[in-house]
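Below is one structure, written out as structure tokens; comments come after it.
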Amino acid sequence: MGISSYCSIGYCFAFLPIAVILYSIVPKKFRWIPLLAASYVFFWLISGKLVLYLLFTTVCIYLTGIWLSSVRAECERVTAGQNASERAKAQKACARNQQIVLALIIIIHVALLALLKYSKFFAGNINGVLSLMNISFTVPIPKIAAPIGISFYSLQAISYICDVYRGKISADKNFARVALFMSFFPQIMEGPICRYSDTAQQLFRGDAVKYENLTSGMQRILYGMMKKLVIADRVNGLVTETFSNHANYNGTVAAVAAVVYTLQLYMEFSGTMDIVIGSAEIFGIKMPENFRQPFFSKTISEFWQRWHITLGTWFKDYIYYPISMSRASKKLTKKARKKLGNFYGPMLVSTVALFCVWFCNGMWHGSGWRYIFFGMYHFALITCGNLIKPLVKTINGKLGINSSAPLYKGMQIFRSAVLVAIGEMFFRANGLHAGLDMFRLIFTDFKLETFKDGTLLNLGMDIQDYIIVLITVAIVFAVSVMNEKGKSVRTLVQQKNLPIRWTVYFALIFYIIIFGAYGPGYVQLDPIYADF
């Protein structure tokens, strides 16, 4: 069964329906069994024997979680009859042991991730330095295959064990529930990155497949497929051609490529999330949203609160807060307040924490200098935005500018979208040098005549492709505007009577069949985030 993505025929017309049928015919108490079996079969189909990595991670966090809970329980039992001094000493020793084990487990998983994803990058850079120093020794570059989705499930594993350590959740003694939480097949390739408290109990609850959930889930799957097949796959020819051969084109083409790739990335990733969340909804499982109309953001900081939400909240909870709320950070903040004031004083520590977040964010996305640059680019934008807030407020006040005016907000949204597209250009470029070269071309070789001389019609897209993409983008934009206003289009459709609902569903199906980019002349886009 070929399953290359959640939009593949194998997934939509074979794997998912079979999983739903098996889940439905099993008694409620045992429905977790076909769900867990389907998850491991799915992972095996996309990664083969590399499924052992997932099993190893699951066993590690399961055993560690139980150990942490048992140590905490034993500490409480021993200290119950002690005086305050003895109790404090015992609790401190217990906490130290737990910290050591927590650090060990995190190091193991980060090291495994680094070995599988970054060993080639590290070895290549070390060899480059050795060559500059005229040292003949070279570090061998290992060839190790990494399972799809390892970056996603590794973060889930770390969040589980950290939450057990913090006492936010109790260690689950049911191995099957932990395994299902780690491997649930709709999310294993590209997220969203769930917390144990988000989905574990839902996955094991065994709710029946209801008509409402089935139709609502399929509705969302179809909407995601429209984004993926009609837009992301259709623009793939242009994106591939321009980024692979950027030196053959001028700055206008580079700018168009940056905008189109940003569009492609959003439609592919958010479309996949629609399919993932819709698939889970069929089983009665509510997963966290990963997008919330990001291109309505007025700042880069707001953009990253709306884009890949679960990754952002993970970094905030497990990197930003531990750094900014540490004892050393609190002392530094106290000193900084005295010298820099109440606004810029706390910003010193938060900027250090923000740097760590964005360095990790860049590295998480891939092994290459362009990914590190991507992280530092957004770090710089957010930091500058934070620094100039008082200045902007003062200038607006003196000039009488109303920051709540629609025109002002529109300019902010446009500015943020442009900055995001520039960042995505570096993200997609074939190396940091290529990204810098494309950026230079935009300012040194931008030609308006390119829009009318036919160049853009020879980049893997003809006029019909552009028209279909623009119409579909307009549909997505209209839905996004309504969602931004708090009016759920899905809810509005579901509230209509049966003939109208199914007319909308069949219209969407036929739209995808007629205008989807598949067949001769099109190369289906591989899942972009599955490689991160």
Only distances under 3.5 Å count here; give the side-chain donor-acceptor pairs of residues 268-275 to other protein atoms, sequence neighbours excluded, each with its distance to 0.1 Å.
{"from": "Glu268", "atom 1": "OE2", "to": "Thr272", "atom 2": "OG1", "distance (Å)": "3.3"}
{"from": "Ser270", "atom 1": "OG", "to": "Lys227", "atom 2": "NZ", "distance (Å)": "3.3"}
{"from": "Ser270", "atom 1": "OG", "to": "Tyr266", "atom 2": "O", "distance (Å)": "2.6"}
{"from": "Thr272", "atom 1": "OG1", "to": "Glu268", "atom 2": "O", "distance (Å)": "2.7"}
{"from": "Asp274", "atom 1": "OD1", "to": "Arg220", "atom 2": "NE", "distance (Å)": "2.9"}
{"from": "Asp274", "atom 1": "OD1", "to": "Arg220", "atom 2": "NH2", "distance (Å)": "3.1"}
{"from": "Asp274", "atom 1": "OD2", "to": "Lys227", "atom 2": "NZ", "distance (Å)": "2.9"}

[atom1] of [X] to [atom2] of [Y]: how many Å apart, nearest 0.5 Å?
| X | Y | atom1 | atom2 | result |
| --- | --- | --- | --- | --- |
| Phe315 | Cys360 | CZ | SG | 6.0 Å |
| Asp198 | Gln187 | CG | CD | 9.5 Å |
| Leu381 | Trp304 | CG | CH2 | 11.0 Å |
| Ser5 | Glu190 | OG | CD | 8.5 Å |
| Phe291 | Arg306 | CZ | CZ | 13.0 Å |

Among all residues two or more places apart in sequence or in another chain, which pass the ring-ring contact (aromatic ring centres under 6.0 Å, His included) test with [X]?
| X | answer |
| --- | --- |
| Phe355 | Phe379 |
| Phe426 | Phe373, Phe439 |
| Tyr165 | none |
| Tyr223 | none |

task: Dump the intermediate steps for side-chain hydrogen bond (donor to acceptor under 3.5 Å, both in side chains) on Asn483 and Ser488, then the final yes or no.
output: CA-CA 5 Å; Asn483 289 336; Ser488 172; 4.7 Å; no
For residues 505-514, which side-chain donor-acceptor pairs fall under 3.5 Å, sequence neighbours excluded?
{"from": "Tyr511", "atom 1": "OH", "to": "Thr472", "atom 2": "OG1", "distance (Å)": "2.7"}

message: Test: side chain to side chain donor-acceptor pair (under 3.5 Å). Region: residues 320-329. Which pairs qualify, not counting sequence neighbours?
response: Ser326-Ser329
query: Would you call the rings of Phe42 and Tyr6 parallel, tilted or perpendicular, where under 30° means parallel and over 60° means perpendicular?
result: parallel
Mind checking what makes salt bridge (charged side-chain N to carboxylate O under 4.0 Å, His left out) contact with [X], not counting sequence neighbours?
| X | answer |
| --- | --- |
| Arg490 | Glu281 |
| Asp453 | none |
| Arg205 | Asp207 |

- prompt: Do Ser183 and Tyr153 have side-chain heavy atoms sitting under 4.5 Å apart?
  reply: no
field: ring pair (Phe, Tyr, Trp, His ring centres under 6.0 Å) partner of Trp364, chosen from Trp314, Phe152, Phe374, Tyr371
entry: Phe152
statement: With sequence neighbours left out, the residues meeting side chain to side chain contact (heavy atoms under 4.5 Å, CB included) with Lys393 are none
query: Is there any ring-ring contact (aromatic ring centres under 6.0 Å, His included) pair reaching into residues 231-256, and which pairs are they, with sequence neighbours excluded?
result: Phe243-Tyr261
- prompt: If you measure only the distance, is there a donor-acceptor pair under 3.5 Å linking the side chains of Ser404 and Lys409?
  reply: no
message: Would you say His365 and Asn361 are linked by a side-chain donor-acceptor pair, where the criterion is simply a distance under 3.5 Å?
response: yes
